[in-house]
Each structure stands twice: as structure tokens, then as C-alpha cells.
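Letters go in sequence order (proteins before strands), and every chain restarts at 1. Only heavy atoms go into these numbers, but all of them, side chains included; no hydrogens, no water, no symmetry mates.
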Protein chains: 2
Amino acid sequence: MKKFETHTSTCPIVHTMSYIGGKWKPIILGRLLNGAVRFGKLAVQIPDISRKILTEQLKELEEDGLIIRHSYSEKPPRVEYELSEIGQTVIPVLMAMTELGSKMHEAITQHKRSAARAHR
Amino acid sequence: MKKFETHTSTCPIVHTMSYIGGKWKPIILGRLLNGAVRFGKLAVQIPDISRKILTEQLKELEEDGLIIRHSYSEKPPRVEYELSEIGQTVIPVLMAMTELGSKMHEAITQHKRSAARAHR
DNA sequence: ATTGGCGGTAACGTTTATGTAACTAAAAGC
DNA sequence: GCTTTTAGTTACATAAACGTTACCGCCAAT
């Protein structure tokens, strides 16, 4: 079994969280799973994110090399983002998180109902 | 292939992040993989977390039903935390994150070196 | 020359997460 | 009833993340 190191600067989990953690990065990455998507489409598909934050997160992901930015100088300018090779490696984690999220959410909702019932 | 929903309140990834996201929760959960651990030991094993935050995060994990708190009224009081059944379900994600973290960190470090070299 | 779509940036404000220091509770042994 | 150990809590402060609003730069079509 893998070691779960403690020392903050060497723990692999800490690294993972620093690259794909935060409120929006996993969602953005999830949107790029099926190929390149342009900026405007991302903004529409993730309605609750502000454009500023979207730009910011995309820039961080690009700096870390998880995504690639393609800028086409066209009639209306077009900018697309797609997963890089490094970015592809996060797919299993995204899948595991998706898998877990739906199951766990039900279980926890259930758990909280019981807990609420219990302390009455 | 799984759907990666967008709507913030239904996206499974968002749920996952809300339960095990944040700076410390994945680390704490990682420490509980091999069975119950007492409060003091957690504090020692995760040196950079303050006791207040540790308490706080443990309480949240307990409220969500991911961990179980056992309090023994003994000579020096003893409190142990262990993964619940729900908590066990996050193990695959933790493993995937660990797996990813070490590989990706190297790749990204490498990538950033090249990027730095490029813009000189 | 002006308008409209796209992909931003700048200045500023708010919220949420995390941190520090000092204090408390409970029980066993003396 | 005082001390020691463990596991907290309270009050306060700081930092990191996120959000809002308004504006900029480019180009093609009118």
C-alpha cells in the first residue's frame, strides 16, 4: 500500500490538491475531457463562474502545463483550451471523484437525516 | 463515459470537493487509512496543522459521517478517530490522488523548467 | 467612423479558510 | 483539593480565494 506522507511539502496528495484543487479547477478540467473547448463556451457551460475567475484559473492551469491554449486570429477572435499530455493524467482522479461524488452525496444526506432524527 | 455535469449544485465533483476538499481533509483521511488514530497522534503526524483547525476539520468530517469519533473516559482522556463505512468509499480517490500527485509533480516541475528556459 | 462580438484586464470588495495565543474540562493519582 | 495529561474551546487576526463592475483591444462588416 502506498505511503501517505505527512510532511506538507512532499505529500503527493498536497501536490495534487495544489494543481487541481480549488472550487473551479476540477470542473473546468471535467469540461475539457472531450476535446478542445473555447473560452466563451466554457463560460456558458459553467454558469456560476465569473469570467475573471475563469480566465485566472485557465491561466494557472496553463502555467502548470495541464492545459494548452490555442489562440486563432480570426474574424471574431477564437481561443480554445484543451488538455495537455500532463492534463490527461488527471482523468482517473476526475473519474474517481465523479464516481464517488454521486454515491457519497446520497449516503451523507441519508446519514445527516438520521443524525438529525437522533438528537431530538 | 460519465457525465461531468455543470450545474454547481448537482455536479458530483463539486460534492466530492465539498466533503473532502480543502487544505487538510485529504491529508487527515490519508492518516486514518490504517485504522483508528488518536487526536494527539494526528497532531504530531501532521505537524503543520494547528490544533484548532485539526479539531474543526475532524468535527466536519464527523458531521458528514466520514469518520467516527470514539471518546474513552480514561486516566488521561483518549479520543480516537476512524474511517466510517462512508469514509472507506473515499479510499479509491485518495489512492488515485496519491498516485497522480507524485508523477504529476515531477512532470510539472519539468514543464516549468522548460517554460522558463523558453522565454529567455 | 462606428458598431458588435470575443476574449480578456484592472481596481476594488467580500467571503471563506486558516492561523495564534491563551484559556477550559475531565479524570486519575497523590 | 491539587497536579498532570489529553483534548479540546474562545477570541481575535491574517491570508487566500473568489466575486462584481467597468473598461480595453482587436477585427470585420456596415
Side-chain angles (χ1 to χ4, degrees), chain A residues 6-9 11 13-29 31-32 36-64 66-82, chain B residues 6-9 11 13-29 31-32 36-64 66-82:
Chain A
T6 299
H7 200 47
T8 304
S9 53
C11 176
I13 294 187
V14 173
H15 288 144
T16 298
M17 291 300 287
S18 81
Y19 295 129
I20 70 167
K23 186 168 174 184
W24 298 113
K25 282 185 184 172
I27 301 176
I28 294 171
L29 292 169
R31 282 285 121 195
L32 298 180
V37 181
R38 44 194 300 185
F39 181 85
K41 204 173 175 195
L42 280 175
V44 171
Q45 290 186 341
I46 313 177
D48 293 346
I49 195 174
S50 73
R51 268 141 188 270
K52 181 206 154 193
I53 298 295
L54 180 53
T55 305
E56 210 171 282
Q57 302 294 304
L58 287 169
K59 193 174 289 172
E60 283 181 27
L61 288 170
E62 195 203 351
E63 280 169 4
D64 287 341
L66 296 184
I67 64 176
I68 300 171
R69 180 180 186 276
H70 300 282
S71 174
Y72 304 93
S73 295
E74 291 178 359
K75 7 189 178 182
R78 177 160 64 105
V79 177
E80 289 185 347
Y81 294 91
E82 70 173 332
Chain B
T6 299
H7 200 47
T8 303
S9 54
C11 175
I13 294 188
V14 172
H15 288 144
T16 299
M17 291 300 287
S18 81
Y19 295 131
I20 71 168
K23 186 167 173 184
W24 298 114
K25 282 184 184 173
I27 301 176
I28 294 171
L29 292 170
R31 282 285 121 196
L32 298 180
V37 180
R38 44 194 302 187
F39 181 85
K41 203 173 175 195
L42 280 175
V44 171
Q45 290 186 341
I46 313 176
D48 293 346
I49 196 177
S50 73
R51 270 148 186 268
K52 180 205 154 195
I53 298 297
L54 180 53
T55 305
E56 211 170 279
Q57 301 295 304
L58 287 168
K59 194 175 289 172
E60 283 182 27
L61 288 170
E62 195 203 351
E63 279 168 5
D64 287 341
L66 296 185
I67 63 176
I68 300 170
R69 181 180 184 275
H70 300 282
S71 173
Y72 304 94
S73 294
E74 292 177 359
K75 9 185 178 179
R78 176 160 64 105
V79 177
E80 289 186 346
Y81 294 90
E82 70 172 332

Engineer: When you measure from the side chain of A:Trp24, which nucleotide among D:dC18, D:dT9, C:dT18 comes out closest?
Structural biologist: D:dC18

Engineer: Can you tell me the distance, in whole Å, between the CD atom of A:Glu74 and the P atom of D:dA29?
Structural biologist: 13 Å

Engineer: Take atom CZ of A:Arg78 and atom P of C:dG8, then tell me their distance rounded to the nearest Å.
Structural biologist: 13 Å

Engineer: Atom CD1 of B:Ile46 to atom P of C:dG19: distance rounded to whole Å?
Structural biologist: 12 Å

Engineer: Using whole Å, report how far CG of A:Leu54 lies from C1' of C:dT9.
Structural biologist: 14 Å

Engineer: Which part of the nucleic acid, if any, lies within contact of A:Glu56, taking any heavy atom under 4.0 Å across all strands shown: a base, the sugar-phosphate backbone alone, or nothing?
Structural biologist: nothing

Engineer: Distance check, rounded to the nearest 0.5 Å: B:Ile46 atom CD1 versus B:Arg51 atom CZ?
Structural biologist: 11.5 Å

Engineer: Output the rounded distance in Å from CD1 (A:Ile53) to C1' (D:dA16).
Structural biologist: 11 Å

Engineer: Please tell me if the side chains of A:Ile49 and A:Ile27 come closer than 4.5 Å, counting only heavy atoms from C-beta onward.
Structural biologist: no

Engineer: For C:dT16 and A:Lys23 - does any side-chain N or O of the residue sit under 4.0 Å from the phosphate oxygens OP1/OP2?
Structural biologist: no

Engineer: Run the side-chain contact (heavy atoms from CB on, under 4.5 Å) check on B:Glu80 and B:Glu82 step by step: do they pass?
Structural biologist: CA-CA 7 Å; B:Glu80 289 186 346; B:Glu82 70 172 332; over 6 Å; no

Engineer: What nucleotide among C:dT9, D:dG19, D:dT6 has an atom nearest to a side-chain atom of B:Arg38?
Structural biologist: D:dT6

Engineer: Test side-chain contact (heavy atoms from CB on, under 4.5 Å) on A:Ile20 and A:Leu66; report intermediate values, then the result.
Structural biologist: CA-CA 9 Å; A:Ile20 70 167; A:Leu66 296 184; 4.0 Å; yes

Engineer: Do A:Leu58 and A:Arg69 touch side chain to side chain, with heavy atoms closer than 4.5 Å?
Structural biologist: no

Engineer: Given C:dC6, D:dA7, C:dT9, identify the nucleotide with an atom nearest to the side chain of A:Lys59.
Structural biologist: C:dT9

Engineer: In whole Å, I'd like the distance from the NZ atom of B:Lys25 to the C1' atom of C:dT16.
Structural biologist: 13 Å

Engineer: Counting the atoms with a prime plus P, OP1 and OP2 as sugar-phosphate, which does A:Gln57 contact under 4.0 Å by heavy atoms, base, sugar-phosphate, or nothing?
Structural biologist: sugar-phosphate

Engineer: Take the protein atom CD of B:Glu60 and the nucleotide atom C1' of C:dA17, then report the distance between them rounded to whole Å.
Structural biologist: 10 Å

Engineer: Rounding to an integer number of Å, can you tell me how far B:Ile49 CD1 sits from C:dA17 C1'?
Structural biologist: 12 Å

Engineer: By the 4.0 Å heavy-atom rule, please label A:Tyr81 as base, sugar-phosphate, or nothing.
Structural biologist: sugar-phosphate

Engineer: Considering only side-chain heavy atoms of B:Lys52, which listed nucleotide, C:dG5, C:dA11, C:dT20, is closest?
Structural biologist: C:dT20

Engineer: Toward the 5' end of DNA chain D, which comes first, A:Pro77 or A:Arg51, by nearest nucleotide?
Structural biologist: A:Arg51

